[in-house]
Amino acid sequence: MRKILSRVRLFYGDSPLHLLALLACLALAGYVAVHTAADSSWPLITVWFLGALVVHDLVLFPLYALADRSLKGAASALYMRRPPKVRRISPLNYLRVPALGTALTFLLFFPGIIRQGQATYQAATGQTQQPFLGRWLLLTAAMFGLSAIAYAARLALDASRRG
């Protein structure tokens, strides 16, 4: 059995489990494509998908890659001021995770935040879209606050282990 697995790994370049997961993803994509092709609005779906792909790859990815590089550069500049013997716990992931959560919730609730479709939303729910922005800002503050608490706890744990 090991000989077969090593041959698959040598031929494919990764584990058979990776190949199985890839085939499952391709099967799911094929299923979605077949059901989407049966829908009459498939050209609009295709245009939307290609537009999202272009906007993400040509606009958004360079922007958040630049933001991450800037954050990394600022963090390394701050570390240069500390003595080299002090163990450094990077704050990058404690900033990346809430920033990602903020961006994803913004994308999810963007129509409500800018009050797009206000009449339809009010007719369907009987409520206004006014609290969307405030709640998103509160959620953002909570995510960054929890991340700051987690970072402070990590720093305190590290300091107690050293001291």
Side-chain angles (χ1 to χ4, degrees), residues 1-76 89-151 154:
M1 186 66 166
R2 281 185 185 220
K3 193 173 186 179
I4 294 172
L5 289 177
S6 65
R7 283 187 179 178
V8 169
R9 184 180 298 269
L10 184 66
F11 176 73
Y12 176 64
D14 209 340
S15 73
L17 187 60
H18 183 271
L19 178 61
L20 184 65
L22 179 67
L23 291 174
C25 288
L26 288 174
L28 178 64
Y31 173 79
V32 169
V34 166
H35 282 285
T36 304
D39 192 357
S40 63
S41 62
W42 71 267
L44 293 175
I45 294 170
T46 305
V47 167
W48 181 88
F49 182 75
L50 292 175
L53 186 72
V54 167
V55 167
H56 175 266
D57 289 353
L58 296 180
V59 178
L60 294 179
F61 181 74
L63 285 177
Y64 57 73
L66 178 66
D68 189 58
R69 292 272 178 153
S70 301
L71 186 64
K72 205 177 218 180
S76 67
I89 296 175
S90 175
L92 291 179
N93 287 334
Y94 294 94
L95 293 171
R96 285 176 180 152
V97 171
L100 177 65
T102 297
L104 290 176
T105 55
F106 181 75
L107 286 175
L108 183 65
F109 296 111
F110 180 69
I113 291 171
I114 65 167
R115 298 183 184 160
Q116 181 183 15
Q118 198 168 14
T120 306
Y121 183 81
Q122 189 162 10
T125 64
Q127 299 176 355
T128 66
Q129 293 176 317
Q130 186 170 355
F132 274 74
L133 177 62
R135 289 178 182 167
W136 175 73
L137 290 172
L138 187 63
L139 181 63
T140 297
M143 284 190 283
F144 276 97
L146 286 172
S147 185
I149 290 169
Y151 184 60
R154 177 76 189 272

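This chain uses plain numbering: 1 for the first residue, then up along the sequence. In this text, all values refer to a predicted model and were calculated from it rather than measured experimentally.
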If I compare all heavy atoms of [X] with all of [Y], which pair ends up nearest, and what's the gap?
X    : Y    : value
P62  : H56  : CD-O, 4.3 Å
Q129 : Q116 : NE2-O, 3.3 Å
L95  : S147 : N-OG, 4.4 Å

*Donor-acceptor contact present, side-chain Y151 to main-chain L92, <3.5 Å*: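 Such a contact is absent between Y151 side chain and L92 backbone.
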*asked:* How about OH on Y12, more than 12 heavy atoms from neighbouring residues, nucleotides or ligands closer than 6.0 Å, or not?
replied: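 More than 12 within 6.0 Å, yes.
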*Any chance CZ of F49 has more than 12 other-residue heavy atoms, nucleotides or ligands included, within less than 6.0 Å?*
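At most 12 heavy atoms, drawn from other residues, nucleotides or ligands, come within 6.0 Å of this atom.
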Rounded to the nearest 0.5 Å, how far does [atom2] of [Y] lie from [atom1] of [X]?
X    : Y    : atom1 : atom2 : result
T102 : L137 : OG1   : CG    : 9.5 Å
L138 : W136 : CG    : CH2   : 12.0 Å
L66  : L71  : CG    : CG    : 11.0 Å
L50  : I45  : CG    : CD1   : 12.0 Å
M143 : L104 : CE    : CG    : 8.5 Å
I4   : R9   : CD1   : CZ    : 14.5 Å

_Any R135 side-chain heavy atom under 4.5 Å of Q130 side chain_ =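 Side-chain contact under 4.5 Å: no.
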*Under the side-chain contact (heavy atoms from CB on, under 4.5 Å) rule, what do L19 and D14 come out as? Steps first, then yes or no, please.*
CA-CA 7 Å; L19 178 61; D14 209 340; over 6 Å; no
*Determine, using ring centers only, whether F106 and F109 are less than 6.0 Å apart.*
no
*asked:* Could you check whether F132 and Y121 have their ring centres less than 6.0 Å apart?
replied: yes
